[in-house]
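Notes to accompany the following structure.
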Amino acid sequence: TYAGVGLVSVSALPVHHGHTLLGSRFLDAPMIGIAAQMHPLWLKETFKYLLGAIGTLTLLGAAGSAMLGLSRLGYSLSTTRQIPSAVGRLHPVRSTPFVLIVGAGVIAAALVVILPLFRHEIVGAARVWYGSKTYNHCFLVLPIVAFLIWQRRRVFREMLPRPALLGLAAVVAFSFVWLFAAKLDILEARQFAVMGIVEALLFTFLGWAVYRRLLGPLLYLLFLVPSGQFLIPRLQDFSARFAVAGLRLLDVPVYSNGSFIQIPEGTFVIADACAGLRFLVASIAYGVLFSLVVYRSWRRRIIFIALSLIIPVLANGIRCFGIIFAAHLIGSARAAVADHILYGWIFFSIVIFLLTLAGMTFTEGAEERQASPARHERPAEGRSASWGVLCGLAVASVAAAAVGPARVALESRAAPYMHAVENDLPPPAQPWNRSVNAPVWRPSVVGSQGQFVDTFSDGRNTVERYVAFYVAHGTKNN
């Protein structure tokens, strides 16, 4: 079948000089490309609508198959008490787990409607995950959260989710936070606001009792936001000061100016990549995961997370000092900095290992674990929320989350033109590349219908570009 489709596609859109429209214009819709080559016009239009109808029926069939598999799996888990038995309750006439089907359908519909509202934040985060080594670990956050929730699956056997209408107020509040961040054009703040909306929606559908039991894993979702670039100057300053203090303590002649450190053997620079942000972010993510898996006491968790925050900062200062002092002992700055990144990661791996050993020294014993607050709640009594309540809650959630994006949509009628202008701007020439660092300035303009700021860097210098767009040029900014 697939070979036949490919053969027909290439026949309709043949390859000319090594290129075909299937690889450019119709890359995402090859069947539409085939229909577009048909003649006469009525046949082409007929096939376009026919393809749309067939595609719709195919998607409905796939959705039905997925729902059938979900209902069977959910019913099996409910009969073995892996999830609350009320979730797998059968319909009195159709003998299907209607609670599970309706609940999953409502949640899926809410996500399908809400996710497009914040697609720019989601796509922006994914690009940073892929393009920056500092945030590659973000791809593991969702599997880790799934694992942590699976560890706590007993929660769903002990209690039923009880929707909390108070969560809708939190959804509206975070939607206004997103609107404020959109006005300031701070992508990182918008992404945190989106995660706040997600947390508020989870609280709304799960209720306080279930949400509280899953608080740790659900808050771990915040690591999906690639954050921390604003810390680089402060980390550079601390590492430089720490290294200079250590050198002076050992009577090494040293002169420093910000992140530049000079000794008789050469000059060193605490660059952005050497500030320690990559290790700090990874250490905090590891520390939170370790504390959630190993400890049950919130006091122990806070202590270990604090150690995961402090130790990597100190370790990076020690690393910078060690490299410069080694250059002093060797008598050559170039020899000391050779492969310093590799040695730095070996050093940080040892630090993480020692941090883990230190964390294992104050774990709870078996008796303390049994006496720790396991919160033996009584199994939930009564009935779960009806499908009507869930549907109404889903509609209200979508409306609450859409407050901010709807306001922005009303104010940005020139967005299509702005997008075209942004795409028409020439790309930077090598060695300049787009930087993920947030711009630190913005000129004051009046009456623009659209504006954006981006940052470029060649590794040493940084250039920020600001563009304001006017649909109808006025006189206020001449």
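Position 1 is the first residue of the sequence; numbering continues from there. The shown structure was predicted, so the numbers you read here are calculated from the model rather than taken from an experiment.
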Note to self: To the closest 0.5 Å, what do you measure between OG (S291) and CH2 (W298)?
What the structure shows: 7.5 Å

Check: So F348 and F279, would you call those rings parallel, tilted or perpendicular, with 30° and 60° as cut-offs?
Finding: parallel

Notebook entry, point to check: Run the side-chain contact (heavy atoms from CB on, under 4.5 Å) check on F174 and V194 step by step: do they pass?
Noted result: CA-CA 7 Å; F174 280 113; V194 171; over 6 Å; no

Margin query: Could you tell me if the side chain of F268 sits less than 4.5 Å from the side chain of Q262, heavy atoms only?
Written below: no

Next item on the list: Decide yes or no for I318 and F347: does some side-chain heavy atom of the first lie under 4.5 Å from some side-chain heavy atom of the second?
Entry: yes

Check: So, the side chain of R301 versus the backbone of Y295: is there a donor-acceptor pair under 3.5 Å, distance only?
Finding: yes

Notebook entry, point to check: For the atom pair CD1 (I144) and CD1 (I149), what is the distance rounded to the nearest 0.5 Å?
Noted result: 12.5 Å

Item checked: Trace of the side-chain contact (heavy atoms from CB on, under 4.5 Å) decision for L309 with L280 -> CA-CA 7 Å; L309 176 64; L280 175 62; 3.9 Å; yes

Margin query: Just verifying a value: how many Å separate L202 CG and L218 CG, rounded to the nearest 0.5 Å?
Written below: 5.5 Å

Check: How far apart are the closest heavy atoms of I305 and G287, and which atoms are they?
Finding: CG1-O, 4.2 Å

Next item on the list: Answer yes or no: is there a donor N or O on one side and an acceptor on the other, between the side chain of Y286 and the main chain of I352, under 3.5 Å?
Entry: no

Next item on the list: Quick one: pull up CG in L307 and CD1 in I302 and give me the separation to the nearest 0.5 Å.
Entry: 12.0 Å

Notebook entry, point to check: How many angstroms lie between CG in L184 and CG in L179, if you round to the nearest 0.5 Å?
Noted result: 10.0 Å

Checklist line | Approximate separation, where rounding is to 0.5 Å, of E265 CD and L329 CG | finding: 8.5 Å

Next item on the list: Answer yes or no: are there more than 12 heavy-atom neighbours, outside F139 itself, under 6.0 Å from its atom CZ?
Entry: yes

Notebook entry, point to check: Is any side-chain heavy atom of V281 less than 4.5 Å from a side-chain heavy atom of R278?
Noted result: no

Checklist line | Residue pair M195 / L222: nearest heavy atoms and the distance that separates them | finding: CB-CD2, 3.8 Å

Name the atoms and distances for all side-chain donor-acceptor pairs under 3.5 Å in residues 235-256, with sequence neighbours left out.
from, atom 1, to, atom 2, distance (Å)
Q236, NE2, I270, O, 2.7
Q236, NE2, D272, OD1, 3.1
D237, OD1, R241, NE, 3.3
D237, OD2, R241, NE, 2.9
S239, OG, L235, O, 3.0
S239, OG, N316, ND2, 2.8

Note to self: Using a 3.5 Å distance criterion without hydrogens, assess whether the side chain of S175 forms a donor-acceptor pair with backbone atoms of V171.
What the structure shows: no

Notebook entry, point to check: Taking only residues two or more places apart in sequence, or in another chain, which ones meet E199 in a salt bridge (Lys or Arg N to Asp or Glu O under 4.0 Å)?
Noted result: none

Next item on the list: Test T455 against V463 for side-chain contact (heavy atoms from CB on, under 4.5 Å), laying out the working first.
Entry: CA-CA 6 Å; T455 307; V463 173; over 6 Å; no

Note to self: Has T462 got a side-chain atom pairing as donor or acceptor with S457's backbone, closer than 3.5 angstrom?
What the structure shows: no

Notebook entry, point to check: Under 4.5 Å between any side-chain heavy atoms of P226 and Q191, yes or no?
Noted result: yes

Next item on the list: Output yes when a side-chain donor or acceptor of R152 lies under 3.5 Å from a complementary backbone atom of L148, and no otherwise.
Entry: yes

Item checked: C138 vs F223, side-chain contact (heavy atoms from CB on, under 4.5 Å): CA-CA, chis, key distance, verdict -> CA-CA 7 Å; C138 291; F223 284 109; 5.8 Å; no

Note to self: Can you tell me how the ring of W178 sits relative to the ring of F118, calling it parallel under 30°, perpendicular over 60° and tilted otherwise?
What the structure shows: perpendicular

Checklist line | Nearest atoms (heavy-atom pairs only) where G359 meets T363 | finding: O-CG2, 3.5 Å

Notebook entry, point to check: Between Y135 and Y130, does the ring centroid distance fall short of 6.0 Å?
Noted result: no

Next item on the list: Please examine the side chains of T204 and P163, heavy atoms only from C-beta on, and report whether any two atoms are closer than 4.5 Å.
Entry: no

Checklist line | Side-chain (S132) to main-chain (W129) donor-acceptor, under 3.5 angstrom | finding: no

Item checked: Least distance between heavy atoms, L277 atom then G228 atom -> CD1-O, 3.4 Å

Next item on the list: Quick one: closest heavy-atom pair of A193 and V177, and the distance?
Entry: CB-CG1, 4.0 Å

